[in-house]
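Working notes, structure below.
So that the names make sense, note that chain A is the first sequence line, chain B the second, and so on, each numbered from 1.
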Amino acid sequence: MTELAGLKRTHHCGALGPEQAGQPVVVMGWVQRRRDHGGLIFIDLRDRSGLIQVVFSPDFGGEAFSLAGEVRGEYVLAIEGDLRIRPEGTENPNLPTGEVEVVARSLYILNQARTPPFYIEDDLNVDENLRLRYRYLDLRRPEMQQAMIMRHRAAKSVRDFLDARGFLEIETPMLTRSTPEGARDYLVPSRLNPGMFYALPQSPQLFKQILMVAGLERYFQIVRCFRDEDLRADRQPEFTQVDMEMSFVDVDDVLSLTEEMIARLCQDTIGLAVPRPFSRLTYREAMDRFGTDKPDTRFGMELKDISDLAAGCGFKVFTSAVAGGGQVKGINAAGCGSFSRKEIDELTAYAAVYRAKGLAYFIVAEEGVKSPVAKFFTPEELAAVQERLAARPGDLLLFVADEPQVVADALGALRLHLAERLQLAADTGFNFLWVVDFPLLEYDREEGRYAAMHHPFTAPRAEDLPLLESRPGEVRARAYDLVLNGVEIGGGSIRIHRREVQEKMFAAIGLKPEEAGEKFGFMLEAFEYGAPPHGGIAFGFDRLLMLLARKKTIRDVMAFPKTQSAADLMCRAPGPVDPKQLRELHVKLTAAR
RNA sequence: GGAGCUGUAGUGUAGUGGCCUAACAUGCCUGCCUGUCACGCAGGAGAUCGCGGGUUCGACUCCCGUCAGCUCCGCCA
């Protein structure tokens with residue numbers, strides 16, 4: 001084992017090529033692979049930049065050659081030698097540095113390594129448990145390093161862009177106050193204030209608005225946010241937002257600036273030219289046509305309403321759904337008429353997850369519609385339904401009859417499921433879409449009240465303001481989401497900046513004035529001191545990177561993600577704490593573990 | 001809170017009631033090899049079949065529970 005002893009790295013492995021041939025080089029890195037031919041040893045040395053082949057031969061450095069025999073995978077080496085063009089016929093076209101090799105004069109073993117539990121290579125097929133437990137090895141893999149590099153470039157791109165546009169990066173507190181609405185908070189007990197708790201921020205929402213009141217005019221932050229909710233492939237308990245806020249702007253100002261920023265980011269990370277402006281869809285249209293507020297518009301298979309045709313047919317499931325205020329909608333799974341009974345049963349089971357009580361289907365054949373329920377329809381009704389869904393022989397039509405939310409959820413999910421299965425959206429690029437005109441409020445059945453759909457600081461559209469007390473469900477918000485390939489990657493709004501409007505909003509969501517004063521008094525007070533009109537947006541940085549890197553989960557673009565049970569398998573968080581710590585925090589556990 | 005999938009040498013898999021004294025590949029160890037690049041050749045070591053219980057003459061295999069990971073619903077923008 002050797003210390004560096006003044007040895008300086010001259011080149012990175014992946015940066016070596018014919019241009020450096022003939023030069024003395026010092027390279028340092030990890031052993032990717034050793035090929036020992038007895039009288040000749042090859043070592044592929046890896047650093048962040050790539051691989052270079054090093055040759056050891058008794059002819060060039062006897063000591064180095066014999067030491068190379070002790071080397072094993074992932075040993076950390078420094079190699080002093082000369083770069084040369086490889087002998088004719090021994091070039092490796094599969095390696096970027098395959099035209100050259102380092103002829104080793106001296107070898108320094110800087111550190112040994114245990115045999116790693118999995119190979120340090122891309123496309124590995126290994127239990128994610130292991131990857132997370134040995135994250136430092138997982139992160140050595142080129143594709144993970146690429147992801148980290150891309151992440152850095154994306155952050156730099158955003159900083160450069162926003163800096164040039166006059167935005168200030170301002171930090172906001174991590175120890176803040178728990179507020180009602182939104183996700184469950186992560187809580188931190190206060191030692192100095194017994195019985196009191198901080199909350200980790202779900203987002204810096206209130207602070208960034210206060211910064212606008214403070215006259216900073218343009219703020220941004222690449223900031224960690226925390227939400228104590230259950231995890232998904234695209235949801236982690238702590239995640240990163242690109243958070244922005246601007247004064248004196250309207251919806252279109254935010255959208256166009258955002259488009260420019262995103263286009264620049266795509267260019268700077270994956271060299272993708274994104275056409276602008278992005279297309280837009282209203283919330284209503286998105287729900288009607290795709291059954292979701294974050295539609296994947298890379299393919300069709302849109303939902304078609306056949307409630308009018310179904311209302312008078314002989315199929316009781318359809319008629320009673322319509323009569324009960326529900327609807328009947330269908331999608332055309334084009335070319336799926338050959339699906340077996342079993343396959344259709346699987347689709348039915350899939351729809352059932354989304355609370356659909358059943359899935360009616362028509363198989364469209366040359367000779368007519370084949371369906372267990374075809375007998376309940378007149379030939380004219382069958383024809384009308386087929387026309388509505390643009391059905392052609394060989395197609396499979398799928399219908400759900402229920403309340404609108406269930407119809408949308410089930411068919412929307414079925415549409416994505418079929419697209420996945422039929423590869424309808426595979427590699428068809430990046431489809432950015434704005435969804436605008438969200439409802440301000442949605443009814444929460446569990447709570448028996450309206451709740452803010454975005455958050456309680458979202459401004460209603462001026463013309464809808466009079467409806468806030470009479471028909472709150474119909475008020476549209478000055479809110480917008482950015483959707484990429486069916487994934488919500490950002491959302492924001494123009495905010496309320498007048499105290500009386502904010503108070504009306506609180507009233508609409510059933511927040512009592514005393515409680516509003518208690519939780520948000522500082523905000524209401526701030527609004528009395530000259531709050532400018534303002535608005536902004538926040539992006540799920542991890543999600544955006546996941547999509548650009550074509551990964552299936554945000555864990556693959558985060559250095560140290562957590563498992564579905566919110567555990568860090570490497571450092572083994574969360575963990576127990578010393579009773580003394582709990583006493584200092586005035587925290588008493590109710591259940592012994 | 002709920003549903004589904006997965007769990008067998010270091011790793012990836014095979015094995016669906018006795019064929020298992022658990023197989024294959026790779027990795028690991030030893031030896032040989034001067035142009036390999038997933039080097040090759042020969043030999044070797046390595047598994048209480050996630051854990052606990054049950055059924056059975058007999059369980060890696062069937063049943064129940066449990067733990068861990070993943071995907072999803074609910075939850076969450």
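- A:F539 pairs by the ring-ring contact (aromatic ring centres under 6.0 Å, His included) definition with nothing, not counting sequence neighbours.
- Evaluation of the ring-ring contact (aromatic ring centres under 6.0 Å, His included) rule for A:F207 yields no partner, not counting sequence neighbours.
- Ring centroid separation for the pair A:F457 and A:F520 comes in under the 6.0 Å cut-off.
- Proximity of A:R33 to the phosphate of B:rC39: a side-chain N or O atom is located under 4.0 Å from OP1 or OP2.
- Each of B:rU71, B:rU36, B:rA77 was ranked by its minimum atom distance to the side chain of A:Q53; first place goes to B:rU36.
- Along RNA chain B, the nucleotide nearest A:L132 and the nucleotide nearest A:F60 are compared for position; the residue whose nucleotide lies closer to the 5' end is A:F60.
- A:K294 meets the side-chain hydrogen bond (donor to acceptor under 3.5 Å, both in side chains) test with no other residue; sequence neighbours excluded.
- For residues 38-71 of chain A, the set of pairs meeting the ring pair (Phe, Tyr, Trp, His ring centres under 6.0 Å) definition, not counting sequence neighbours, comprises A:H37-A:F42.
- Under a 3.5 Å cut-off, the side chain of A:E442 and the backbone N or O of A:G473 do not form any donor-acceptor pair.
- In terms of modelled atom types and a separation under 3.5 Å, the side chain of A:Q221 and the main chain of A:M244 share no donor-acceptor contact.
- Comparing B:rC72, B:rC76, B:rC75 by their nearest atom to the side chain of A:D230 picks out B:rC75.
- Of the residues in residues 198-208 of chain A, those lying under 4.0 Å from RNA chain B by heavy-atom distance are A:Q202.
- Scanning atom types as modelled, one donor and one acceptor separated by under 3.5 angstrom connect the side chain of A:R235 and the base of B:rC76.
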Pairs under 3.5 Å (N/O, protein and nucleotides 47-50 of chain B):
none

Identify the pairs formed between an N or O of the protein and an N or O of nucleotides 5-11 of chain B at a distance under 3.5 Å, and give each distance.
| residue | atom | partner | partner atom | Å |
| --- | --- | --- | --- | --- |
| B:rG10 | O2' | A:P117 | O | 3.4 |
| B:rG10 | N2 | A:Y119 | OH | 3.3 |
| B:rU11 | O4' | A:P117 | O | 3.3 |

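- Each salt bridge (charged side-chain N to carboxylate O under 4.0 Å, His left out) pair with one or both residues in residues 59-69 of chain A, not counting sequence neighbours, would appear here, but there are none.
- Evaluation of the ring-ring contact (aromatic ring centres under 6.0 Å, His included) rule for A:Y450 yields A:Y443 as partners, not counting sequence neighbours.
- Residues of residues 74-103 of chain A that place a heavy atom closer than 4.0 Å to RNA chain B, in numerical order, are A:R84, A:R86, A:P87, A:T90, A:E91, A:N92, A:E101.
- Taking the nucleotide of RNA chain B with the nearest heavy atom to each of A:S565 and A:A183, the more 5' of the two is matched to A:S565.
- Here A:R555 lies in heavy-atom contact (under 4.0 Å) with sugar-phosphate atoms only.
- Residues in residues 412-421 of chain A take part in these salt bridge (charged side-chain N to carboxylate O under 4.0 Å, His left out) pairs, two or more places apart or across chains: A:E343-A:R421.
- Taking A:H12 as the reference, nothing meets the ring-ring contact (aromatic ring centres under 6.0 Å, His included) condition, with sequence neighbours excluded.
- OP1 or OP2 of B:rU36 has not a single side-chain nitrogen or oxygen of A:R35 nearer than 4.0 Å.
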